[in-house]
Amino acid sequence: MKLKIAAALAVLIVAIGGVFMSGSRPTAPDVAFSTLQGQRFRTADLRGKVVLVNFWATTCGVCIREMPALKATQERFQARGYQTVAVAMDYDPPSRVAAFVGLNRLPFTFVLDRDGRIARAFDDVRLTPTSYLINRRDEIVKKILGEPDFDRLHALIDRLLAEPA
């Protein structure tokens with residue numbers, strides 16, 4: 001039994017070491033975004049910034065509850081090259097999304113995923129909220145299911161903003 005545990009631990013240590021040694025992270029998918037105002041941009045246009053891509057819906061209570069903290073995060077870090085991109089799910093009516101954004105005066109970019117292509121490109125997102133933190137080199141650093149621990153998120157954003165592009 002001890003031999004099996006030792007062997008399992010050795011495999012785990014080698015696997016973890018391989019991840020850290022390789023340093024490779026998945027790259028953010030190249031997708032086209034369309035804002036509520038009809039402006040278009042691609043993931044590549046965000047290169048050089050630290051970006052949080054947040055999938056949300058107006059029918060998601062946790063999504064609505066986390067919006068003030070996302071707003072505070074945007075305001076805290078935007079001057080240093082941070083951007084939040086809030087992606088409304090394809091089942092969310094554009095008029096409802098626009099009304100929510102207008103009522104809450106949120107300072108970040110809202111896009112509509114009208115056909116679900118953005119969600120599919122980001123690991124087929126189906127649950128909201130789901131967020132992806134992307135570094136300046138377009139690498140996905142963290143996937144967050146549910147509401148983030150904002151203290152930890154802020155520490156990670158701060159660290160990523162201090163790294164060179």
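For the single chain, residues carry numbers from 1 onward in sequence order.
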Closest approach of [X] and [Y], non-hydrogen atoms and distance?
X: Ala119; Y: Met89; value: CB-CE, 4.3 Å
X: Arg136; Y: Leu161; value: NH2-O, 2.9 Å
X: Asn54; Y: Ser131; value: ND2-OG, 2.8 Å
X: Lys71; Y: Asn104; value: NZ-O, 4.4 Å

Is the shortest heavy-atom distance from the side chain of [X] to the side chain of [Y] under 4.5 Å?
X: Thr27; Y: Arg137; value: no
X: Val50; Y: Phe77; value: no
X: Gln83; Y: Phe108; value: no
X: Phe41; Y: Thr109; value: yes

How about [atom1] on [X], more than 12 heavy atoms from neighbouring residues, nucleotides or ligands closer than 6.0 Å, or not?
X: Leu127; atom1: CG; answer: no
X: Arg117; atom1: CZ; answer: no
X: Arg126; atom1: CZ; answer: no

Side chain of [X], backbone of [Y]: donor and acceptor closer than 3.5 Å?
X: Asp113; Y: Ile118; answer: yes
X: Glu147; Y: Val62; answer: no
X: Thr84; Y: Leu52; answer: no
X: Asp149; Y: Asp151; answer: yes
X: Asn135; Y: Leu160; answer: no
X: Arg25; Y: Ile134; answer: no

Q.
Between Thr130 and Tyr132, do the side chains contain a donor N or O and an acceptor N or O under 3.5 Å apart?
A.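 Tyr132 vs Thr130: no donor-acceptor pair found between side chains.
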Q.
For Arg114, give me all partners under side-chain contact (heavy atoms from CB on, under 4.5 Å), at least two apart in sequence or on another chain.
A.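 Expected list: Pro94, Leu112.
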